[in-house]
J.: 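I am attaching a structure below and will ask some questions about it afterwards.
Keep in mind that this is a model prediction, so the values were computed, not measured. Atoms considered below: every heavy atom in the structure, side chains included; atoms not considered: hydrogens, waters and symmetry mates.
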Amino acid sequence: MSQTYAFIFCFALGIAARFIYLGATALAKRTNLLPVTVILDTLTVLTVGGGFAAYVIFTGAALAPYMFAALFSGYLLTYWVTKKIRK
């Protein structure tokens, strides 16, 4: 059952990563300053990576390929959905 929770958490983290990225991109376009863009991109990576690392550390889960696949799948699915909406 813990593998199911890990998969769901990583999938949801991938979805959250896309929405965080969309928000950071919109804010960076609004300011139009390179340092702001770099800082927001860095914060996005630290937020998603930190959430992933915190989950692994606090649950004691072993790193498995399906966790990375779920993270990528959540991001990719959200990318496809938001890409079609934004056009």
Side-chain angles (χ1 to χ4, degrees):
M1 195 66 173
S2 64
Q3 289 91 3
T4 305
Y5 293 139
F7 181 84
I8 292 170
F9 178 80
C10 291
F11 190 78
L13 189 61
I15 293 171
R18 178 64 182 167
F19 286 117
I20 290 170
Y21 175 75
L22 286 175
T25 302
L27 187 60
K29 284 182 182 178
R30 188 176 184 118
T31 60
N32 201 22
L33 297 171
L34 184 61
V36 173
T37 303
V38 171
I39 290 170
L40 287 173
D41 286 345
T42 304
L43 288 176
T44 300
V45 169
L46 290 176
T47 302
V48 175
F52 185 77
Y55 177 79
V56 171
I57 291 169
F58 290 135
T59 61
L63 284 177
Y66 70 86
M67 295 170 80
F68 295 105
L71 184 67
F72 178 71
S73 298
Y75 186 89
L76 186 64
L77 177 69
T78 311
Y79 171 76
W80 285 337
V81 170
T82 57
K83 180 180 161 188
K84 292 181 189 246
I85 290 173
R86 293 175 71 195
K87 282 186 178 181

J.: Using distance only, find each side-chain donor-acceptor pair of residues 42-49 under 3.5 Å and give its atom names and separation, not counting sequence neighbours.
T.:
residue : atom : partner : partner atom : Å
T42     : OG1  : V38     : O            : 2.7
T44     : OG1  : L40     : O            : 2.9
T47     : OG1  : L43     : O            : 2.6

J.: Pairs in or reaching into residues 9-37: which pass ring pair (Phe, Tyr, Trp, His ring centres under 6.0 Å), with residues at least two apart or in two chains?
T.: F9-Y55
J.: Find the distance between OH (Y79) and CG (L22) and round it off to the nearest 0.5 Å.
T.: 10.5 Å
J.: As an exercise, state the distance from CD1 of I39 to CG of L34, rounded to the nearest 0.5 Å.
T.: 9.5 Å
J.: Check for me, please, whether F7 and L71 land in the same ILVMFWY cluster - side-chain distances under 4.5 Å, paths through other members count.
T.: yes
J.: Of all heavy-atom pairs between M67 and A62, which one has the smallest distance, and what is that distance?
T.: SD-O, 3.6 Å
J.: Could you give the distance from CZ (F72) to CG (L77), rounded to the nearest 0.5 Å?
T.: 11.0 Å
J.: According to side-chain contact (heavy atoms from CB on, under 4.5 Å), who are the partners of L63, at least two apart in sequence or on a separate chain?
T.: F52, V56, F68
